[in-house]
Amino acid sequence: MSIYDKYEAVIGLEVHIQLLTKSKMYSNDSAEYGGLPNTHVSVITLGHPGTLPKVNKQAVEFAVKLGLAVNGNIRYENQFARKNYFYADLPKGYQITQDKTPFCNGGHISIKLKNGEEKNINLTRIHMEEDAGKSMHDQDATDTLVDLNRAGVPLLEMVSEPEICNGDEAYAYLTEVRKLVRYLDICDGNMEEGSMRCDANVSVKIKGVKEFGKKVEVKNMNSIRNVQRAIEYEIIRQIDLLEAKQEIAGETRSFDAVKGTTFSLRSKENANDYRYFPEPDLQPIFITEKYINEVKQTLPELPSALYKRYVQDFKLSEYDASVLTDTKAIAHYFNELTTHTKNYKAASNWLTVNIKSHLNENAIDIERFPIKPTQIAELISIIDEGKISHTSASQKIFPELVKSPNKTSLQIAQELNLLQESNTDALQDLVNQVIAKYPEKVTEYKNGKVTLVGLFMGEVMKLSGGKADPKVTSKLVKDTLDKA
Ligand code: ADP
Ligand code: MG
């Protein structure tokens with residue numbers, strides 16, 4: 001047993017979700033990403049005296065959507081609060097956030113563990129707030145530059161309970177959160193561009209001990225994988241410290257993605273006192289039951305529900321179900337496909353194998369895939385009817401359909417001369433010819449060498465130019481031999 005097995009980690013994640021609204025949280029400045037520096041900045045964003053903030057209605061709707069999607073409790077009376085601190089990228093000198101009254105408490109994100117089990121990670125709260133601007137330390141030789149385009153952009157902050165046990169679970173949690181916000185169309189979930197950000201709170205303790213260890217907050221991970229790496233590094237670092245009888249400092253650390261290590265940014269000992277107080281310039285927001293129900297109507301079918309439906313009703317494998325629900329667009333295509341065919345397994349295979357590899361090879365999204373679900377359904381049905389083989393469908397017809405998406409599969413099959421012969425009369429002629437050609441083999445078959453069916457099948461196939469339907473042919477060959 002290694003020293004590391006004596007310990008267990010306790011992890012809570014704080015995720016910032018940047019909302020896809022047109023305008024900012026408390027003003028009508030554009031919230032669009034990019035743009036020339038300091039062009040989306042009005043006097044409200046700058047907090048000039050006499051200006052008044054206004055709450056973005058769309059941001060409230062997005063907040064309620066997320067709260068409902070995680071099964072949280074939506075608060076009816078929402079108060080905003082000022083969080084005061086001084087920093088160059090915060091022109092007002094305070095951030096408008098929610099303190100005592102987050103719009104959502106409770107709820108959970110369900111993750112799949114490596115052993116296949118499901119685990120719910122409970123949520124403490126989700127609140128609405130605004131982002132700060134961006135300080136750029138590497139654009140100028142001597143000065144730090146500030147871009148305030150991001151100042152005031154709406155964020156939801158989702159705080160988990162300290163129930164995550166390792167880097168793998170954190171990875172699964174963030175993957176689910178990202179999938180969810182993308183399904184809801186409230187955030188693009190892009191950790192590389194910073195529109196979804198995660199701070200990881202990590203502590204360790206001896207296994208079984210109730211009391212938590214001192215936590216360290218790690219920031220600046222620009223991908224889900226890096227959050228996992230930072231946590232894994234941090235757990236080892238903390239255990240090593242404890243084993244060396246040293247204390248863990250309550251501090252904020254940053255992740256260095258190149259080295260794969262964390263380093264101290266600031267100690268919590270001289271942490272800010274934010275002097276929270278109710279925001280005097282904003283009325284509370286009252287969210288009614290009626291409004292919540294209206295928003296509920298607009299929710300799409302969520303990935304977890306789709307996943308269950310695909311496994312339980314369509315009898316698909318868990319792997320297939322997870323590939324199909326990975327993005328809303330893929331699930332949407334699959335849903336449409338299954339309104340045109342009941343062969344769910346085949347539909348799933350076409351999507352997860354043929355279509356997916358086409359998308360990957362051409363680096364396009366399913367939105368730009370030219371073949372309509374109805375055509376894939378037709379392809380499935382003509383295979384099932386024995387008109388074409390699966391091989392010619394996937395190797396010849398599918399690539400042709402991509403090039404000429406206005407043709408039908410059947411048209412292409414005709415043009416390429418791929419229609420299988422399942423006309424029994426024509427096939428029977430071929431079977432008769434073959435049997436007449438090999439009288440000794442017929443005798444051997446009669447004497448018990450039943451594997452010879454394969455030889456006759458092969459000959460019929462050859463004569464038909466590969467177009468004989470194997471199922472029909474096999475039956476004809478057997479019947480004819482038995483009668484011979
Ligand atoms: P702070 O006031 O320092 O921000 P919070 O109590 O708000 O701390 O918790 C922030 C996050 O840290 C939450 O996700 C919570 O689950 C997590 N957390 C709290 N205590 C611990 C701990 N001892 N170890 C790991 N995570 C923790
Ligand atoms: Mg915090």
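We number each residue from 1, following the sequence as shown. Read the numbers this way: they start at 1 and go in the same order the structure lists the ligands and their atoms. Just so it is clear, the values below take in all heavy atoms, side chains as well, and ignore hydrogens, waters and symmetry mates.
- No donor-acceptor distance shorter than 3.5 angstrom exists from the side chain of N362 to the backbone of I364, with no hydrogens or angles considered.
- The option from S203, G213, S160 that lies nearest to atom 14 (O) of ligand 1, judged by heavy atoms, is S160.
- Within 6.0 Å of NZ on K22 lie no more than 12 heavy atoms contributed by other residues, nucleotides or ligands.
- Ligand 1 places these atoms under 4.0 Å from at least one heavy atom of E161: 16 (O).
- For ligand 1, the polar-atom distance check against K214 finds no nitrogen or oxygen pair separated by under 3.5 Å.
- Within the 4.0 Å heavy-atom criterion, both parts of N201, backbone and side chain, lie near ligand 1.
- Residue-to-ligand polar distances place P162 within reach of ligand 1: an N/O pair is separated by less than 3.5 Å.
- Residue T124 does not touch ligand 1, judged by heavy-atom distances below 4.0 Å.
- Taking every non-hydrogen atom of G12 and a distance limit under 4.0 Å, the qualifying atoms of ligand 1 come out as 14 (O), 16 (O), 17 (C), 26 (N).
- Using a distance-only test at 3.5 Å, with no hydrogens or angles considered, no donor-acceptor pair links the side chain of S27 to the main chain of T45.
- Selection from K205, R125, K215, E217 by nearest heavy atom to atom 1 (P) of ligand 1 gives K215.
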Scan the side chains in residues 67-77 for donor-acceptor partners under 3.5 Å anywhere in the protein, sequence neighbours excluded, and list what turns up.
from, atom 1, to, atom 2, distance (Å)
R75, NE, P102, O, 2.7
R75, NH2, P102, O, 3.4
R75, NH2, N105, OD1, 2.8
Y76, OH, E289, OE1, 2.4

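- Taking the six-membered ring where tryptophan is involved, the planes of F80 and Y26 are perpendicular, since the angle between them exceeds 60° and thus also 30°.
- Under a 4.0 Å criterion applied to the non-hydrogen atoms of V159, ligand 1 contributes the atoms 13 (C), 14 (O).
- If you number the atoms of ligand 1 from 1 as listed, the ones under 4.0 Å from a heavy atom of L13 come out as 14 (O).
- Less than 4.0 angstrom separates some heavy atom of V10 from each of these atoms of ligand 1: 24 (N), 25 (C).
- When the ring pair (Phe, Tyr, Trp, His ring centres under 6.0 Å) test is applied to Y183, no partner is found at least two apart in sequence or on another chain.
- Centroid-to-centroid, the aromatic rings of Y310 and Y344 stay 6.0 Å apart or farther.
- Judged by the 6.0 Å distance and 45° axis criteria, R82 is not positioned over the aromatic ring of F277.
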